[in-house]
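Because only heavy atoms are used, hydrogens play no part in the values below, and waters and symmetry mates are left out as well, while side chains stay in.
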Amino acid sequence: QCVLLYTADPAASIKRCVLLYTAANGYVLLFDIIGGSDEKYLYEPVYPKGSARVKVTPGYKEEQCAPALTLEMKKPVDLEAPISCLQTLQEDLLVATADGYLHMLHWDSVSNGRRAVNLCTIPFSLDLQSSRGPCLDLDGVHIRDMEYCTTLDGFAVVFDDGRLGFITPTANRLGVWAADVSDGTCVAVNNKYRLMAFGCASGSVLVYMIDSSTGSMQLSHKLELTPKHYPDIWNKTGPVKMIRWSPDCSVVMVTWDCGGLSLWSVFGAHLICTLGEDFAYRSDGTKKEPLKISSMSWGVEGYHLWVIGSTDATPVPDGAEGDEKLQQAGILQFQFIKSALTVNPCTSNQEQVLLHGEDRLYLTCGDPTQAHSVPDKSPSRDSGGSPLRRPSASTPLSQGLSTLLGHKHWQVVQIHSTYLETNWPIRFAAIDWSGQCVAVAGRRGIAHYSLYTRKWKLFGNVTQEQNMTVTGGLTWWNDFVVVACYNFIDRQEELRLYVRSSNLDNAFASVTKLHADTLLLNVFRNVVILFRADCSICLYSIERRPNPSASVELLQEVSMSRYIPHPGLVVSVTLTSVRTETGITLKAPQQACSAESILLNLAGQLIMLQRDRSGPQVREKDTPANQTKLLPFCPPVVLAQCVENVWTTCRSNRKKRHLMEALWLSCGEAGMKVWLPLFPRDHRKPHSFLSRRIMLPFHINIYPLTVLFEDALILGASNETVLFDGPGSSSLEALFPFCTVERTSQIYLHHILRQLLVRNLGEQALMLAQSCAMLPYFPHVLELMVHVVLEEEATSREPIPDPLLPTVAKFVTEFPLFLQTIVHCARKTEYALWNYLFAAVGNPKDLFEECLMAQDLDTAASYLIILQNMEVPAVSRQHATLLFNTALEQGKWDLCRHMIRFLKAIGSGESETPPSTPTTQEQSSTGGFEFFRNRSISLSQSADSIAGGKFNLQKTLSVPSGPGERWCKDSDSAENLYIDVMLWRHARHLLEQVRLRDLGCFSAQLGFELIGWLCRERMRVARVDDFVTALKCLHKDFLWPFPVIPACSINSPLKNGRCRPVLSSRLLKSQSADSLLNSDMDTTPPQVTTANHRWLDGLGAVSKELDSASSHGAPQTQEAFLSPLINKGEEYSIGSATDLTETSSMVDGDWTMVDENFSTLSLSQSELEHISMELANKGPRKSQVQLRYLLHVFMEAGCLEWCVLIGLILRDAGVIKQVVGFLDSPEVPSETVQSIRAGLIAVDLWASSDCLGYKPFLSLIRPQLLKLMEVPVEQVQPEAFQPAGASKLSEPPLLLLPRAEDARGAVASAHPLPLDGPAGANARPLDDTPQEEPEEEPLEEGSYDCTLS
């Protein structure tokens, strides 16, 4: 076992090395290392031909080649006792021996420089001031482990009895010890944060700091596994074996006797542990043995951890051969990536998440090539470096949520290999404020990369690159890279600015000479702040010059040597506009343009220096701009302890001043803190007793890497693992899963609101919440706040003296989302906590009624589920009925279907379970048109079925056709009747208000059996009292224009339809129309269409058939065959009511044929005017389809008055003719005849006075009107209505060939025939439904349709 420690004397060419042999001997052997001559090198790098990295590079031999060395042994030193540990100092070597002595050996004069100190002579106390407390009895005790801390100037020691101590190596040598600890095993010190980490036999690590005032050891925090996250292993790890701080002092790695590795941040935030999850288990679930570690060390810059594993626990004897040792242990190298904030905490890095490994960068910003819509993303896209498109000033730096949260992937940038060849490893990295340019600095020089062009820029002159090294970090200012560097040629510290757009060359750089070494660098607006090795802070102003460079001027120097004991303790320096005093009002927001304060992170203590405004103030406008003298700074104030990172922004947002002007701190295991400004409300004077700011702590679940101020989000990164079973499962690396880095984010707003409410700052919480109410996840924030407080208080074992939930509930009521928030929170919480929740927020019945009043039916439905669990079924039914009626009224069909199920469940004794969510796809609620979309309609029907007279109506969708068929088992139950009554009531309500469109949607969406219901209501609510009002309502409901008459129509050749036959014959003789009509049409014998029964005979059997259909159980599946009716030459369309796909060539425009054959038709001007008027007088195609559908329904149900109205609005003379023909039947009540007669007279009078557009149509149907007037109701004979069309239909017209599906056989009749089947809403068998054919009429206006055959 040997340890090598080096020291170097710059004056001599001899390096000294110490080899310590095993503790049994107690000898120290010293060797001098003599370097070989300049020509002798063991290894030299070989570069490819043409490489710029040639041997002329300065310091090439010393840097790149491995020299040949010679060892020369000096006189050995005998310490006469086994050596327990040793530690190197600047000029001394400190060796602890097992006899309780400390030996100080001088490097140069070993023989006469040896001094020995007995531990018993060092006085130990609890602090250095009063030497109070019992002194340690150190008889027979020796030092087991020790480490020297430079910044504390002392040794952290662990004695072999487990006690911990700290020894100051001054002349009088004092020691302090930690009380109540007696199981220490090892120690490691953190020089940057002045922390001492002691490992204990219990498995935890105690991190101590030295109190600056008393000198006592104070426990800062503990590093230990928690039973919550590691339930299997947290107390079985064994003693801590080794602790290693990373080179940048930001993380610490711990290993135990049982094995495993665990990584913590400097103040105790847990990052990784290999004792749980995928590290501890194989993919088949079996547990792995953790890797036992005998030694570990961090690599350069902390990118690697080198580990020697001891797979065999048996100790290897000293005399064993080296080969055997190699078999016993293997070397593992773990790779790490770290945040750029650890070594380069500049402002621009705080706006983005930037991680860097040894050869690559990880960025969270969105891909700029996508953001700017660049079509080609290949790197060769832009050979000349095009200028970066910078976002406008209004674009927030956080880039918006879409790019930062839109995906979980990193943008990985590989660092240029040419730069890495000579400058590995990367020491600093910085990203610019827009997230599109990255600069890196390695061992020498810098390089930068544009995400937009995907190109690196390196120094063209390698000598310039090798002559500088970055010392204080680098950052971006606008388009400039700002670098604090050391110039090797001039031996001078410099501040350089390189412009991004130019070549990377000193000729384009702005250089400012500095007087001391720079340790840290940051930028605030146009000010650069430097922290120097002499503990002073310098402020420089930057101004852009016309040529591509900038001028730098010194503004101010501030000496901090009184407050900073060692310059290496300063972790970060930030310039900010945050300040404590000043009259903060909403009228005059902070002058964010001026840098107000300096924030220093001094070994975890956040110190603030503000401008001193106590002296006489000079108004800015009275002072010339070039003579402005900056105010001095006040003495520093400590804001917080244990601070790892600080976030602040120089941007301002008047709407979110709370978040933008706050200061955000990351505090390790303590979570985060925010220093929040408090504003008086409504321009009132602030309270004298109210502080201007408040520090609020809160815990988060991720490690924060950046804060999005406006978006109220924290972004971070976490280590995720993927299990794999590699082929070499016996190898060491196979013990570990594959690790990836995942992006994480977390909302923090609910934590802050809750903390403000706890402190009775509800007004501030309300202002803050209102400023964030537009965020997309703000409802989730309110839910989280209610949920967290509810869980804590409702599950507390102790009574809570001052519960917060009522305050939170009152706070949430200030927002319109209150009702949703409470119910969503309740449904995500277990039932046992509901009583506690609703005791604070109010009775769920009252909240349900509020939802109904606010017309928020979906939220009301959620409350209904809560009521169902908390109340008796009667209350649930009562509220469900209210909601059902409201949903019916508002046309919320999905909700209606849920409510039907809900009411059914309550009635059938299932009230203790919430209604199940439907699994079938619900129909959309946009109108009757979609009702057809769910049915497969066949337009091909076999000639056999037609010839047999069997009309096969079948619906293939299993939508129940009516409430009566909805449930088969207990269709007569009271629940079904209860639901049916409500449905009937709603249908009656719609019909009374002439809301036919809503009635159709209602029927289609809920499977309401409209025809059967209309049959029963035919002489009651289905009557029409006022034809004119109903006609106006139909026009409004279906967006149907009132017909108009052009001025020229009085002498138009088309008047009274004189030219229509000509037009139709021209159209139909055209080639394409002819071919279309004859394509795919089977001819059928026309005699099959003759009917032997009257249509109205079937009306009496409607209710019986409905009852029989519903009593059969499951809905009848019957096929609906609908055929297009070609009954008008001018208006040819295949679709009509069943043209559902809207994709055919005849879509949406019945004049397609005219458009296609315009050259062959050669229409005259007057004919074109007629065509355009026809199109202008038509409503939307969808409305036309819906009206045709309703016409079928009303015709089937025998509601002749509605048929007349729809015939009028469609201006379909055939409908009127058909209805007038039906009026001769004795089954038609006289009231109906009188109503139609009076209604048509009223329409005629109204048209004469108010709507002349209807006059041509009314004159067209004048024969029917006269017939209606002539025949008294009492004299109607049953024989007057006979099938008169049979003989006429036997001869098909010459113009058209009949279609096979056409039940009439002839397509030239001017009106739709009465329906042979229901219009889709009713699925009952109609095989023997009687039907009557009225006689045919000449071609008339406005009828194209589809009939059910």
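A donor-acceptor pair is defined here as one N or O able to donate and one able to accept, closer than 3.5 Å; no such pair exists between the side chain of Ser502 and the backbone of Val499. Here the side chain of Gln610 pairs no donor or acceptor atom with the backbone of Ile598 at under 3.5 angstrom. Remark: the backbone N or O of Gln350 is paired with a side-chain donor or acceptor of Thr706 at under 3.5 angstrom. Between the Asn503 side chain and the Asp505 main chain, no donor and acceptor come within less than 3.5 Å of each other. A donor-acceptor pair under 3.5 Å is formed between the side chain of Lys656 and the backbone N or O of Glu710.
For the pair Glu661 and Arg579, the salt-bridge criterion is not met [side-chain N within less than 4.0 Å of a carboxylate O]. Salt-bridge check for Arg611 with Glu596: failed, with every basic side-chain N at 4.0 Å or more from each acidic carboxylate O. Here Asp248 does not pair with Lys192 in a salt bridge; the nearest charged N to carboxylate O distance is not below 4.0 Å.
Side-chain contact between Val571 and Pro345 is absent, with no heavy-atom pair separated by less than 4.5 Å. Contact of the Glu557 side chain with the Arg532 side chain is registered, since non-hydrogen atoms from C-beta on lie closer than 4.5 Å. Side-chain contact check for Asp612 versus Phe633: every heavy-atom pair is 4.5 Å or farther apart. Put simply, the side chain of Phe459 reaches to within 4.5 Å of the side chain of Met468, judged on heavy atoms. Residues Phe524 and Leu539 have side chains not in contact (no heavy-atom distance under 4.5 Å, counting atoms from C-beta outward). Contact of the Phe488 side chain with the Gln466 side chain is not registered, since no non-hydrogen atoms from C-beta on lie closer than 4.5 Å. Looking at Val440 and Tyr449, their side chains never come closer than 4.5 Å, going by heavy atoms from C-beta outward. Between Ile607 and Leu639, the closest side-chain pair of non-hydrogen atoms is not below 4.5 Å.
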### Task
Evaluate the salt bridge (Lys or Arg N to Asp or Glu O under 4.0 Å) criterion for residues Arg651 and Glu351: first the C-alpha distance (whole Å), next the side-chain angles of each, then the deciding distance (0.1 Å), finally the verdict.
CA-CA 11 Å; Arg651 293 174 286 118; Glu351 299 279 358; 3.1 Å; yes
### Task
Give the C-alpha distance, both sets of side-chain angles, the deciding distance and a yes or no for side-chain hydrogen bond (donor to acceptor under 3.5 Å, both in side chains) between Glu742 and Asn719.
CA-CA 6 Å; Glu742 290 284 335; Asn719 185 70; over 6 Å; no
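With 3.5 Å as the limit, one finds a donor-acceptor pair spanning the side chains of Asn522 and Thr347. Between the side chains of Glu644 and Ser265, at least one donor N or O sits under 3.5 Å from an acceptor N or O. Residues Glu494 and Asn487 have side chains that bring a donor and an acceptor to within less than 3.5 angstrom of each other. Neither side chain, Asp359 nor Tyr303, offers a donor N or O lying under 3.5 Å from an acceptor on the other. Thr471 and Glu493 are linked by a side-chain donor-acceptor pair at a separation below 3.5 angstrom, with hydrogens and angles left out of the test. For Thr576 and Ser597, the side-chain atoms include no donor-acceptor pair closer than 3.5 Å. No side-chain N or O of Tyr498 forms a donor-acceptor pair with one of Arg500 less than 3.5 Å apart. Side-chain atoms of Trp664 and Asn645 include no donor-acceptor pair closer than 3.5 Å. Between the side chains of Asn344 and Arg427, no donor-acceptor pair is found at a separation under 3.5 Å.
Closest non-hydrogen pair, Leu600 versus Val570, comes out as CD2-CG1, 3.8 Å. Of all heavy-atom pairs spanning Glu543 and Trp477, the tightest one is C-CH2, 4.2 Å. Closest approach of Glu301 to Pro425, counting heavy atoms only: CG-CG, 3.6 Å. Nearest heavy atoms, Ser348 versus Ile431: OG-O, 2.7 Å. When all heavy atoms are compared, the tightest approach of Thr649 to Ser577 is O-OG, 4.4 Å. Here the closest non-hydrogen pair linking Ile542 and Ala550 is CG2-CB, 3.8 Å.
The distance between the ring centers of Trp298 and Phe336 falls below 6.0 angstrom.
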